[in-house]
Amino acid sequence: MLIEGNVLPADADNALTRVFDITPMPLENGLRLLADVQPELLPDRGIGPLTRKRYWTDIRDTGLDAERLLDHVRARFSLLAPEIMSPAAELGAPASIEEGVTLTLSIPLRGHLQVRVAEVDDRRFTLLTLGGHALAGAVRIQTEPVGDGVRFEVQTYERAASIPDLVLMRTLGGSLQDRAWAHLIENVVRDTGGNAGDVQQASESLAASEAAVVQRWAEELVVLRKQREIDR
């Protein structure tokens with residue numbers, strides 16, 4: 001109906017305002033507010049084993065130490081990750097990584113995935129998935145000094161949210177997602193003018209005891225973030 005032009009002009013007599021005294025809200029603003037109040041979808045809410053994946057490379061000759069490299073990535077995240085972040089999917093979404101904000105990523109074959117920045121530290125930041133999406137888990141992006149360079153690493157902890165999602169991620173979806181995170185790292189190397197070898201990656205299914213540790217870690221992040229919001 002919107003495509004057909006079934007809309008009210010801005011100066012029209014709008015019963016929503018005249019009769020019910022309600023000020024209309026633009027759709028993009030409403031969707032953003034809705035995302036901001038969605039609870040985190042922690043790893044224990046998913047299906048199948050909890051999988052940890054790591055993607056990393058050691059970057060040299062950038063003139064940036066570990067802290068400044070992470071600051072660079074935080075400030076330019078939406079530009080550095082064109083394949084996994086879709087800024088246009090959430091109009092007005094912040095371009096940089098700040099604690100508490102909600103971002104929209106684009107997961108291959110599964111569409112948009114909304115995540116909340118649960119923590120920001122000197123050498124890492126962590127994203128937690130929100131309810132209603134295909135994956136349950138967390139993404140941690142971190143830096144650390146290694147020899148004469150800096151290791152840039154992405155760690156994902158994820159379970160599929162449903163059986164169809166589990167099947168999809170175990171087939172083509174998983175390999176496409178691997179490529180997307182590797183592309184982020186390659187873009188960071190290129191954007192900083194550094195030199196690095198090939199992106200390395202590793203994957204493993206965590207034992208129940210290890211998954212429990214990850215679950216407690218994610219729960220603590222949510223509690224600490226909410227406490228800091230109250231303190232502010």
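Since the structure is predicted, the reported quantities are computational estimates derived from the model, not experimental observations.
When all heavy atoms of Arg151 and Val146 are compared, the closest pair comes out as CB-CG2, 3.5 Å. A pairwise comparison of heavy atoms in Leu80 and Val73 identifies CD1-CA, 3.9 Å as the closest pair. What you find for Arg123 and Pro145 is that their closest heavy atoms are NH1-CD, 3.4 Å. Nearest heavy atoms, Thr192 versus Val189: OG1-O, 3.2 Å. Nearest approach of Leu184 to Ala81, heavy atoms of both residues: CD1-CB, 3.7 Å. Shown here for Ile59 and Ala196, the closest heavy-atom pair between the two residues is CA-CB, 4.2 Å.
A distance of 5.0 Å separates CZ of Arg52 from CG of Leu206, quoted to the nearest 0.5 Å. Distance OG1/Thr102 to CG/Leu128: 11.0 Å, rounded to 0.5 Å. Residue Phe152 holds its CZ atom at 9.5 Å from CD of Gln142, rounded to the nearest 0.5 Å. Interatomic distance, CG of Leu127 versus CD1 of Ile97, reported as 5.5 Å (0.5 Å rounding). With rounding to the nearest 0.5 Å, the separation of OG1 in Thr156 from OH in Tyr55 is 4.5 Å. Here CD1 of Ile185 is found 11.5 Å from CG of Asp198. Values are rounded to the nearest 0.5 Å.
There is a path of hydrophobic side-chain contacts, each under 4.5 Å, that joins Leu16 to Val19.
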List the steps, then state whether side chain to side chain contact (heavy atoms under 4.5 Å, CB included) holds for Asp191 with His72.
CA-CA 9 Å; Asp191 194 64; His72 181 92; 2.5 Å; yes
Would Val154 and Val139 count as a side chain to side chain contact (heavy atoms under 4.5 Å, CB included) here? Give the steps.
CA-CA 7 Å; Val154 177; Val139 176; 4.1 Å; yes
Does Asp71 form a salt bridge (Lys or Arg N to Asp or Glu O under 4.0 Å) with Arg68? I'd like the steps, not just the answer.
CA-CA 5 Å; Asp71 287 343; Arg68 291 167 59 201; over 6 Å; no
Pair Arg74, Ser96 - check side-chain hydrogen bond (donor to acceptor under 3.5 Å, both in side chains), show working.
CA-CA 5 Å; Arg74 286 179 52 205; Ser96 62; over 6 Å; no
Given Val120 and Glu98, is the side chain to side chain contact (heavy atoms under 4.5 Å, CB included) satisfied, shown in steps?
CA-CA 7 Å; Val120 175; Glu98 302 294 340; 5.8 Å; no
Given the rule in the side chain to side chain contact (heavy atoms under 4.5 Å, CB included) test, do Arg18 and Asn14 qualify, once you have shown the distances and angles that lead to the verdict?
CA-CA 6 Å; Arg18 176 174 52 81; Asn14 190 339; over 6 Å; no
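Side-chain contact between Ser203 and Lys53: present, with at least one pair of heavy atoms (C-beta onward) separated by less than 4.5 Å. Using a 4.5 Å cut-off on side-chain heavy atoms (C-beta onward), Leu69 and Thr62 make no contact.
A donor-acceptor pair under 3.5 Å is formed between the side chain of Thr57 and the backbone N or O of Gly197. Checked by atom type and distance alone, the side chain of Arg159 pairs as donor or acceptor with a backbone atom of Pro43 at under 3.5 Å. Checking side-chain atoms of Thr17 against main-chain N and O of Ile22 turns up a donor-acceptor pair under 3.5 Å.
With 3.5 Å as the limit, one finds a donor-acceptor pair spanning the side chains of Arg140 and Thr126.
Checked for salt-bridge contact, Arg124 and Glu119 meet the test: a charged N lies under 4.0 Å from a carboxylate O. Between Glu153 and Arg54 there is a salt bridge, with a side-chain nitrogen of the basic residue lying less than 4.0 Å from a carboxylate oxygen of the acidic one.
With sequence neighbours left out, the ring pair (Phe, Tyr, Trp, His ring centres under 6.0 Å) criterion links Tyr157 to Trp217.
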